[in-house]
There are 2 protein chains.
Amino acid sequence: MNGLGESQNEQAGRPPGARAQGAEDGEAGLAQQAWTLLFELLHTHMRNFPALAAEFDLSPVQAHVLRQLGEGALAMSTLATYLSCDASNVTGLVDRLEARKLVERRSSEQDRRVKMLVLTEAGAELRGRLMARMALPPPFMASMPEEDLLALGDIMRRALKTQ
Amino acid sequence: MNGLGESQNEQAGRPPGARAQGAEDGEAGLAQQAWTLLFELLHTHMRNFPALAAEFDLSPVQAHVLRQLGEGALAMSTLATYLSCDASNVTGLVDRLEARKLVERRSSEQDRRVKMLVLTEAGAELRGRLMARMALPPPFMASMPEEDLLALGDIMRRALKTQ
DNA sequence: CTCAAAGGTTGAGGGTGTCAATTGTTTATG
DNA sequence: CATAAACAATTGACACCCTCAACCTTTGAG
């Protein structure tokens, strides 16, 4: 009763991405199990990111740009690398942020091909609020027992080091 | 030496999203610390998702749609809810998938306003390969000690239950 | 000096997303 | 029953994100 027919009872109420692979526990590797679970939880929570960015009148990508522009200047090409996107894309991205006076292009003295990006006063202020907002843990973490949080933190720190 | 001036030495080599908040350990809540770390790792790895989808000639969003269309039919409005987007957006999304014969619209008998979405044979096959690919854990998890993987799995299962 | 390579921009083209308005259908209400 | 309100999907206008190919300027190597 799966492929087609009268399976009309699916119109609502099912947890979004719920049914993935990892049901059979014995088979798949431990890493794959853990990854599938993690992906599930995170994906659910990443759906809110556009709304979060919108709280600051930013698109998701603009939020990422502000995030990267934390300390010091960044060449446009470097930003393109960080965003894993084409350089030509960054032009428009920065155009819009510059129009809103959140970011400034200033051409480098050493290499006049390069344009360095700097946050304006307003940009830095907005970034501060944005980062604080992003640091707020999602509900599923806020309601986690303390020991789990500690364990999770340890595991993640180890992973970051090894990476 | 932070705001402006000759900090031109930033053109490359820094790990992308690295410098977030969570540096001061004592201060912020445990949940916030763990969340920031998790976000860091996950964000780094979510950047590859477009490339992953492209392996199957799919855009990221198309991949999500296929993911949701796993078992049984889904009304378009339901899909819009799962994707947290406007219904009008789903129309074009499905148009393109239908043009590629991965998905079919069939109008419901019970309620003739509704159109139910079903995977075609080819769509189901593609989805299978896609899901298998997505289940492959990223490097930072593949190289995790077994005990960490077990602990992580346990924590995530508990979180999913409580959620 | 010459020329290849690199940084950034432009233009064409397509996917993603919103909002407002429209059509057709269902359901509730008088 | 008739009519109005609510709902599912679509359309059109508009903006953003993204890629590719072509281009210009600057740099650095031979």
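Letters go in sequence order (proteins before strands), and every chain restarts at 1.
In this structure the side chain of A:Arg67 reaches within 4.5 angstrom of the side chain of B:His43, judged on heavy atoms.
Distances shown here put a side-chain N or O of A:Ser59 below 4.0 Å from the OP1 or OP2 atom of D:dC17. In this structure, B:Arg112 does not reach the D:dC7 phosphate: none of its side-chain N or O atoms is under 4.0 Å from OP1 or OP2.
Atom CG of B:Leu58 is separated from atom P of D:dC18 by 17 Å (rounded to the nearest Å). At whole-Å resolution of the value, CE in B:Met76 and C1' in D:dA9 are 7 Å apart. Rounded to an integer number of Å, the gap from CG of B:Asp111 to P of D:dA8 is 8 Å. Protein atom CG of B:Leu79 is 12 Å distant from nucleotide atom P of C:dT16, rounded to whole Å. With rounding to whole Å, A:His64 atom NE2 is found 13 Å from D:dC17 atom C1'. Counting to the nearest Å, the C1' atom of C:dG7 and the CG atom of A:Leu74 are 14 Å from each other. Rounded to whole Å, atom C1' of D:dA9 lies 11 Å from atom CG of B:Leu117. Separating the NZ atom of B:Lys115 from the C1' atom of D:dA8 is a distance of 9 Å, rounded to the nearest angstrom.
Under the rule for a salt bridge (charged side-chain N to carboxylate O under 4.0 Å, His left out), the partners of B:Arg113 that lie at least two apart in sequence or sit in another chain are B:Asp111. In this structure A:Arg129 satisfies the side-chain hydrogen bond (donor to acceptor under 3.5 Å, both in side chains) test together with A:Glu125, sequence neighbours excluded. For A:Arg105, the side-chain hydrogen bond (donor to acceptor under 3.5 Å, both in side chains) test picks out A:Asp95, A:Glu98, with sequence neighbours left out. Taking A:Arg96 as the reference, nothing meets the side-chain hydrogen bond (donor to acceptor under 3.5 Å, both in side chains) condition, with sequence neighbours excluded. The side-chain contact (heavy atoms from CB on, under 4.5 Å) test applied to B:Pro60 returns B:Phe49, B:Pro50, not counting sequence neighbours.
For the contact set between residues 88-98 of chain B and DNA chain C, defined by any heavy atom under 4.0 Å, the members are B:Ser88, B:Asn89, B:Leu93, B:Arg96.
Two residues, A:Ser84 and A:Arg113, neighbour DNA chain D, and the one matched to the more 5' nucleotide by heavy-atom proximity is A:Ser84.
Under the 3.5 Å distance criterion, the side-chain polar atoms of B:Arg157 are left unmatched by any main-chain donor or acceptor of B:Leu152.
Picking from D:dA9, D:dT19, C:dT9 the nucleotide with the shortest atom distance to the side chain of A:Cys85 gives D:dT19.
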